[in-house]
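Worksheet: one structure, shown below.
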Amino acid sequence: MNALTNRADAISTAETEAPRTAEVTTFEAFRWMDPPEPHEELPAALLIECAGKVRDLAGGLGVVLAMLERDEIDRDSGDADGRTLSPLFNPSDRGNLLRLCVAVCSELASTSDKAMHRAEEVRQFRGTTGGGAR
């Protein structure tokens, strides 16, 4: 017991006497790129091209997924009188639309990858910090 008390006292004393250093981060969330520096700006063309394409693809993807969900809800619940509603999509069309959604997600990822690659090229050209995925 005495050895444990002495050990605890030694640790307490070491903690209070040790110089304070910056806390070490033990976890850092994943990010695809380093965050921009306060003074860093990317070319407007890069941002406009990426934002426009992402907006169009994401908007269309949302509409298709909402239609697929509505179709499923209607088939499961029916109308106000409990009658089964006829499906909006046959199984083949539903499969085609789901594959379209997968393709759109792939294109969104590709568009993002291209924009990040171009942003890294700009950073390297300008000599600002940068890095890959973390």
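Note that the numbering runs from 1 along the sequence shown for the chain. Model, not experiment: these values are computed from the prediction.
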Distance col, row M116:CE vs C50:SG, nearest 0.5 angstrom, shows 9.0 Å
Distance-only criterion, 3.5 Å: show the donor-acceptor pairs between side-chain atoms of residues 60-71 and protein atoms not counting sequence neighbours.
unit_1: R70; atom_1: NE; unit_2: D74; atom_2: OD1; d: 3.1
unit_1: R70; atom_1: NH2; unit_2: D74; atom_2: OD1; d: 2.7
unit_1: D71; atom_1: OD1; unit_2: L88; atom_2: N; d: 2.5

From CZ (R75) to CZ (F89), nearest 0.5 Å: 10.0 Å
Do V102 and V54 share a hydrophobic cluster (ILVMFWY, side-chain heavy atoms under 4.5 Å, transitive)? no
Pairs in or reaching into residues 96-116: which pass salt bridge (Lys or Arg N to Asp or Glu O under 4.0 Å), with residues at least two apart or in two chains? K53-E107
Are the side chain of S110 and the backbone of S106 linked by a donor-acceptor contact shorter than 3.5 Å? no
Under 4.0 Å between a Lys/Arg side-chain N and an Asp/Glu carboxylate O for E121 and R126? no
Hey, does the side chain of D81 reach the backbone of R83 with a donor-acceptor pair shorter than 3.5 angstrom? no
Between R123 and E120, is the closest basic N to carboxylate O distance under 4.0 Å? yes
Can you tell me how far CG of D93 sits from CG of L97, rounded to the nearest 0.5 angstrom? 6.5 Å
